[in-house]
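Reading through the structure tokens given below for one structure.
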Protein chains: 2
Amino acid sequence: METETQELKDAGLKITAPRVKILQILESSAIRHLSAEDVYRKLLTNNEEIGLATVYRVLTQFEAAGLVIRHHFEEGHSVFELAGTFHHDHLVCIKCGRVEEFSDADIEALQCKIADKFGFELTEHNLNMYGYCPKCQTGD
Amino acid sequence: METETQELKDAGLKITAPRVKILQILESSAIRHLSAEDVYRKLLTNNEEIGLATVYRVLTQFEAAGLVIRHHFEEGHSVFELAGTFHHDHLVCIKCGRVEEFSDADIEALQCKIADKFGFELTEHNLNMYGYCPKCQTGD
DNA sequence: GATATTTATGAGAGCAATTATTATTCTTCT
DNA sequence: AGAAGAATAATAATTGCTCTCATAAATATC
């Protein structure tokens, strides 16, 4: 349980109970993409007395520190995922909400080429595809 | 000024002053991507007495009718653009907000290939790239 | 063209997600 | 251990958007 504190230190954040707890939640979750609410509910389940506002604040700090990545798959609320080792894109099932991750070097390369063409200096990019996952294609 | 009414009819919507005005705004705007607030402000500037709720309602109807496409480039609010003839993706300047549109058949093809691999039946996809446009790259 | 029927609108309350404020508590540095 | 500074909890405020419902307008019918 000492790894989280080290990660926080490396990220330049001070060690506080809420930050450690939230990082643990993110690392131990089976579901990679969690909303602030999700995190908050998990904290409540663990009987942690951490306010929702703190969850938002901490997640935003984690984002700034590069520990997590914020996505907005659907309108109105963000989901967060632990920053992995490499960039990837998402396939989101619009029925069950399942998210598949993938990474494609060819697409990445094409994206850079296009950004170059327009003279843009890229800081971020995301490709989200929406549709029905195999399980949710009810024979249509 | 008769074109808008025809477009509305074709979309199966009744002709009302708010709908015509909002469609005109969208068609005459130099900026292709407008938020509901933007549209509302433009209406106010033109001394139109149209409520914000109506703007939202009408834009949502336009979306349902396929007249406009809703994007959520950044969290928390949508922007709308007139539905063009073909799908395209976006390059968004995170400083000045300028949006460049592009379309790349190779990327589209790769996307389909990936969706196939995962067995997804795609309904929608979008690729947004964020960065600094040529004008906003002030040598750091 | 007038009237009936249906549908849309406007104003403001309401809502959900998120952020700001502020007094208090905790972490770190010495 | 104690001071200084930063982080937290609780609550209030804000934002983007939707709902309600009385009123008004648009199409259908005569």
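Naming: A, B, ... by sequence-line order, numbering from 1 per chain.
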### Query
CG of Leu43(B) versus P of dT9(C): gap in Å, rounded?
12 Å
### Query
Taking the inter-plane angle between the rings of His87(A) and His125(A) on a 0 to 90° scale, is it parallel (under 30°), tilted (30 to 60°) or perpendicular (over 60°)?
tilted
What pairs of nitrogen or oxygen atoms, one from the protein and one from nucleotides 1-3 of chain C, lie under 3.5 Å apart?
none

### Summary
Rounded to whole Å, the NZ-C1' distance (Lys21(B) to dA8(C)) equals 15 Å
### Query
So what is the end-to-end bend of the helix from dG1(C)-dC30(D) to dT30(C)-dA1(D), with 5 pairs used at each end and the value given to 10 degrees?
40°
### Task
Measure the shortest side-chain to side-chain distance between Leu13(B) and Val58(B) over non-hydrogen atoms and say whether it is less than 4.5 angstrom.
no
### Query
In whole angstrom, what separates Gln61(B)'s CD from dT18(D)'s P?
12 Å
### Query
Regarding Thr54(B) and Arg57(B), is there a side-chain donor-to-acceptor distance under 3.5 Å anywhere?
yes
Run the side-chain donor-acceptor check on residues 126-135 of chain B: report pairs under 3.5 Å with partners two or more places apart or on a different chain.
unit_1: Tyr130(B); atom_1: OH; unit_2: Phe73(B); atom_2: O; d: 2.6

### Task
Look at the aromatic rings of His71(B) and His88(B) and report parallel, tilted or perpendicular, splitting at 30° and 60°.
tilted
### Query
Any Lys/Arg nitrogen of Asp38(B) or Arg41(B) sitting under 4.0 Å from an Asp/Glu carboxylate oxygen of the other?
yes
### Query
Do Phe120(A) and Cys93(B) have side chains that get closer than 4.5 Å, going by heavy atoms?
yes
### Task
Summarise protein proximity over nucleotides 11-23 of chain C in one line of letters, 5' to 3': B for base, S for sugar-phosphate only, - for none, counting protein heavy atoms closer than 4.0 Å.
BB----SBBB---
### Task
Salt-bridge test for Arg32(B) and Glu101(B): reply yes if a basic N is under 4.0 Å from a carboxylate O, no otherwise.
yes
### Query
Expressed in angstrom and rounded to an integer, what is the separation of Leu8(A) atom CG from dT8(D) atom P?
10 Å
### Task
Figure out the CG/P separation between Leu13(B) and dA25(D), and round it to whole Å.
19 Å
### Task
Please state how far atom CG in Leu59(A) lies from atom P in dA7(D), giving the value in whole angstrom units.
16 Å
#### Entry: Student check: side-chain heavy atoms of Phe102(B) and Leu91(B) closer than 4.5 Å
yes
### Task
Go through the side-chain N and O atoms of His72(A) and Glu75(B) and say whether any donor and acceptor fall under 3.5 Å apart.
no
### Task
Check whether any side-chain heavy atom of Val99(B) sits under 4.5 Å from a side-chain heavy atom of Ile31(B), and report yes or no.
no
Under-3.5 Å N/O pairs linking protein and nucleotides 2-6 of chain D:
none

### Task
Would you please test Leu8(A) and Leu67(A) for side-chain contact (heavy atoms from CB on, under 4.5 Å) and show each step?
CA-CA 9 Å; Leu8(A) 288 173; Leu67(A) 285 175; 4.2 Å; yes
#### Entry: Within residues 16-27 of chain A or reaching into it, pairs that qualify as salt bridge (Lys or Arg N to Asp or Glu O under 4.0 Å) - sequence neighbours excluded
Lys21(A)-Glu48(A)
### Message
Can you tell me if Thr54(B) touches the phosphate of dA8(C), counting only side-chain N or O atoms and a distance under 4.0 Å to OP1 or OP2?
### Response
no
### Task
State whether Thr16(A) places a side-chain N or O below 4.0 Å from either non-bridging phosphate oxygen (OP1 or OP2) of dC26(C).
no
### Task
Measure from CD on Glu48(A) to C1' on dT8(D) and round the result to the nearest Å.
14 Å
### Query
Is Glu7(B) salt-bridged to Lys9(B), cutoff N-O under 4.0 Å?
no
### Task
Nearest whole angstrom, please: distance from the C1' of dA7(D) to the NZ of Lys9(A).
17 Å
